[in-house]
Amino acid sequence: RRYAVFRSFVNVEEQKLQVQEYLECHLKNSTDKQDSDGTPTTTMTDLNWNHMETSSTSETFKLGVRCGGDLTSTLPLAVAVARRAFRQALELKPPLGLASSIPALETLSQPNIPLARPVLLYGLKASMPPHYDSPTQPGQREEWLVMMTMGSDVRFRCNDDIVQLRSGDVLVMDSMAVLHGVESIVDVDNGGGCSDDKPDLGLPISSRLGILFWQGQS
């Protein structure tokens, strides 16, 4: 299949810590408000994503590195979870059918390999058309990545399958081989997404955070 889903891979406390890490990084790199020593004075409560309720596009977090740059030191907790997911995928070699991909997954699980990624916030009306990814490294024929979901459920396409991912689920896939995209965000008012039994992660209501990791530039 060239993809695998790991349910409840990121526990609630890890999710909360990661969301805080992403938000603080976004604030630091998106505000012009600073005190005398250059420290940003914007706070979490200053974030306003009301437009996410009606927007059909996702919001990209600002992480302070160039496209494809290594985020290992910037967001260490999230990167550690991603490496753990790559190692987990190595244990599924027969179901994934990937003898040729074992070296790639082994490489991505190593602590000295740079990992890059976008962090995307989706509102209820947001989606992403099905697509295949281009290679991030010259000459490569497969692009393995980890995608984490936090917040509302998401209906995510993997080839002909529509997989409903919940907060804390992780997907590992070869994004050059798997047709993938965001079909829809599950509406909390229709019995899905962020129901009462789900913890408050500090995200806007009925939003989904998608975080993708792949090999970055050294």
Side-chain angles (χ1 to χ4, degrees), residues 1-23 26 47 49 52-53 55-61 75 77-92 95-96 115 117-131 133 144-175 178-214:
R1 297 192 308 176
R2 304 192 73 82
Y3 77 88
V5 177
F6 303 129
R7 299 291 184 182
S8 303
F9 190 81
V10 187
N11 66 45
V12 172
E13 289 307 312
E14 284 181 322
Q15 291 180 60
K16 289 180 178 179
L17 289 171
Q18 285 193 56
V19 168
Q20 183 177 11
E21 197 174 54
Y22 304 142
L23 291 173
H26 177 69
L47 290 171
W49 277 311
M52 298 300 295
E53 297 179 9
S55 175
S56 61
T57 60
S58 58
E59 177 90 9
T60 302
F61 277 33
L75 300 170
L77 175 60
V79 169
V81 173
R83 296 195 199 283
R84 196 173 80 213
F86 282 126
R87 288 194 295 272
Q88 183 79 8
L90 279 169
E91 300 180 9
L92 292 179
L96 288 174
L115 292 183
R117 48 83 191 285
V119 177
L120 303 172
L121 183 68
Y122 291 80
L124 271 181
K125 297 184 181 300
S127 62
M128 179 176 287
H131 61 284
D133 286 354
W144 284 94
L145 60 79
V146 162
M147 184 188 75
M148 285 191 253
T149 285
M150 297 181 194
S152 292
D153 292 11
V154 58
R155 296 178 67 251
F156 195 82
R157 173 174 293 280
C158 290
N159 292 326
D160 293 331
D161 300 329
I162 305 297
V163 183
Q164 184 152 328
L165 302 174
R166 303 193 70 193
S167 191
D169 290 349
V170 166
L171 171 74
V172 180
M173 69 176 171
D174 176 3
S175 62
V178 176
L179 182 69
H180 60 281
V182 174
E183 294 289 306
S184 64
I185 307 303
V186 179
D187 191 346
V188 61
D189 294 329
N190 289 328
C194 296
S195 57
D196 293 338
D197 64 334
K198 290 195 175 182
D200 180 7
L201 301 179
L203 295 170
I205 295 175
S206 296
S207 67
R208 176 255 180 175
L209 198 64
I211 310 101
L212 296 94
F213 302 80
W214 52 70

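Small disclaimer: the values here were computed from a predicted structure and weren't measured.
Taking each heavy atom of Leu121 and Ser207 in turn, the nearest pair found is CD1-OG, 3.7 Å. Taking every heavy atom of both residues into account, Phe156 and Leu171 meet most closely at CE2-CD2, 3.5 Å. Considering every non-hydrogen atom in both Arg208 and Ser152, the closest pair reads CG-O, 3.5 Å.
Take Glu21 and apply the side-chain hydrogen bond (donor to acceptor under 3.5 Å, both in side chains) test, not counting sequence neighbours, and it matches no residue. Under the side-chain hydrogen bond (donor to acceptor under 3.5 Å, both in side chains) criterion, Asp161 pairs with Tyr3, not counting sequence neighbours. Taking Glu53 as the reference, nothing meets the salt bridge (charged side-chain N to carboxylate O under 4.0 Å, His left out) condition, with sequence neighbours excluded. By the side-chain contact (heavy atoms from CB on, under 4.5 Å) test, Arg84 pairs with Phe9, Glu14, Val81, Arg87, sequence neighbours left out. Gln88 is linked by a side-chain hydrogen bond (donor to acceptor under 3.5 Å, both in side chains) to nothing, counting only residues two or more places apart in sequence or in another chain. Scanning for side-chain hydrogen bond (donor to acceptor under 3.5 Å, both in side chains) contacts around Thr60 gives an empty result, with sequence neighbours left out.
Partner of Leu165 under the side-chain contact (heavy atoms from CB on, under 4.5 Å) criterion, out of Val5, Val170, Asp153: Val5 alone.
In this structure, Trp49 and Phe61 have parallel ring planes: the angle between them is below the 30° cut-off, well short of the 60° mark.
If you take CZ on Arg2 and CG on Leu179, they are separated by 14.5 Å, rounding to the nearest 0.5 Å.
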* Trace of the side-chain hydrogen bond (donor to acceptor under 3.5 Å, both in side chains) decision for His180 with Asn159 -> CA-CA 6 Å; His180 60 281; Asn159 292 326; over 6 Å; no
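Ser167 and Gln15 share a donor-acceptor pair across their side chains, judged by distance under 3.5 Å alone. In this model, no donor atom of one side chain and acceptor atom of the other lie less than 3.5 Å apart for Thr149 and Arg166.
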